[in-house]
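Quick note on labels: first sequence line is chain A, next is B, and so on, each numbered from 1. All values below were derived from every heavy atom in this structure, side-chain atoms included, with hydrogens, water molecules and symmetry-related copies excluded.
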There are 2 protein chains.
Amino acid sequence: MSTSGSQVSHPGKVSFDEVKEIFSNHLTEHNLRRTPERFAILEEIYNRTDHFDAEALYIHMKTSNYRVSRATVYNTLELLVNCDLITRHQFGKNLTQYEKSYGFKQHDHLICVECGKVIEFCDPRIQQIKSTMGELLHFDVLYHELNLFGRCKDGCK
Amino acid sequence: MSTSGSQVSHPGKVSFDEVKEIFSNHLTEHNLRRTPERFAILEEIYNRTDHFDAEALYIHMKTSNYRVSRATVYNTLELLVNCDLITRHQFGKNLTQYEKSYGFKQHDHLICVECGKVIEFCDPRIQQIKSTMGELLHFDVLYHELNLFGRCKDGCK
DNA sequence: TTGTGTGCAAAAGCTTTGCATGTTG
DNA sequence: CAACATGCAAAGCTTTTGCACACAA
């Protein structure tokens, strides 16, 4: 689904240990417990390449014979969003999708309305819009989401 | 909730007759029926000023003693999206929101993560991003959604 | 008159919550 | 061992669907 082009810079290898430590520190700082489930979910996510939703994550872990509950999956996704290890998206449907974000350059999405394909891209002008509008409207802009919806010119494959 | 600044150009008065005719034509062109419910919903929407969701619209019509069903509300919202009389949004929640769009300049949204306030803005650079990326990635970009999330600098009022 | 549109209620899909049990610190 | 996290199932919310009846064309 998600594709990279010259405009998407994926990171040099990010060591999972590094990610794990960030999460671990976050848990400590917030007096939360380091449970095996939380780390298993983090690992599952960082083994994925694509955008995913909570249910898909849950199902994949179940079929891998890992015993988790939906409640824990949702709970952990929330924690991971809070420490910026994943980001939340809604690509025009009432379904929350996630993607891992540590070490990845900020990017936006182009979504094919026909086949659902999601392409990532970067454009520096979005940063300019954020600072211009923040200033003009007296807002501290924390983050943004830009989705372009369209159709693959070469047909959907 | 929704506010306009110098960067948001709201239309000169749009006559509701004009809007109604657009809808009417759309229905005819697609061999759909001109039912009183459909026009009542359109009118209800064009009397509103804000972003709204399907349930709020439904409830408001019910309390105004207009007999409609949720099914019809959802059905009609779909039709109105199709003929560009309203646009669909998701401001970071699993709840579809709508706003009337005929005669309104294309704009994007700044959402306060604390108080939920939605401010509209226009920035021409978004058009440039759309054409650049469409070309580069072989996509016909049909529409987009840009949401900036942040906090009111002056506190939320 | 014919078939599309409607209302109502039930079902579906995603997410959250309550409660008893398990486990971390 | 006390508080927090988990699993499970039930409940909550938004949206969709099925079906009998109504009504636009």
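Looking at B:R38 and B:N75, their side chains come closer than 4.5 Å, going by heavy atoms from C-beta outward. Looking only at side-chain heavy atoms (C-beta outward), A:F121 and A:L148 come within less than 4.5 Å of each other. Inter-residue side-chain proximity for B:T76 and B:F23 is flagged as met; some heavy-atom pair is nearer than 4.5 Å.
Looking at A:E55 and A:R70, a side-chain N of the basic residue comes within less than 4.0 Å of a carboxylate O on the acidic one, giving a salt bridge.
Between A:R67 and D:dC8 there is a side-chain N or O to OP1 or OP2 distance below 4.0 Å. At least one side-chain nitrogen or oxygen of B:T72 sits closer than 4.0 Å to the OP1 or OP2 atom of C:dG7. In terms of phosphate contacts, B:N75 brings no side-chain nitrogen or oxygen within less than 4.0 Å of OP1 or OP2 of C:dG5. For the OP1/OP2 pair of D:dC8 and a distance below 4.0 Å, the side-chain nitrogens and oxygens of A:K62 include at least one atom meeting the criterion.
In this entry the distance linking CG of B:L77 with C1' of D:dT14 reads 13 Å, nearest Å. Computed from coordinates, the B:Y58 OH to C:dT6 P distance equals 14 Å when rounded to whole Å. In this structure, the CZ atom of B:R88 is 16 Å from the P atom of D:dT14, given to the nearest Å. For the pair B:Y66 OH and C:dT6 P, the computed distance is 9 Å after rounding to whole Å. Rounded to an integer number of Å, the gap from CZ of B:F52 to P of D:dT15 is 12 Å. Between the CD atom of B:E37 and the P atom of C:dT4 there is a distance of 17 Å, given to the nearest Å.
In this structure, the separation between NE2 on A:H144 and CG on B:N147 is 10.0 Å, given to the nearest 0.5 Å.
With sequence neighbours left out, A:K153 forms a side-chain contact (heavy atoms from CB on, under 4.5 Å) with B:H138, B:D140.
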Along nucleotides 13-25 of chain C, 5' to 3', which nucleotides get a B, which get an S, and which get a -, given that the test is a protein heavy-atom distance under 4.0 Å? -SBBB-----BBS

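Aromatic rings from A:F91 and A:H51 are positioned such that their centres are separated by under 6.0 Å.
Within 4.0 Å (heavy atoms only), A:K93 reaches no atom of the nucleic acid at all.
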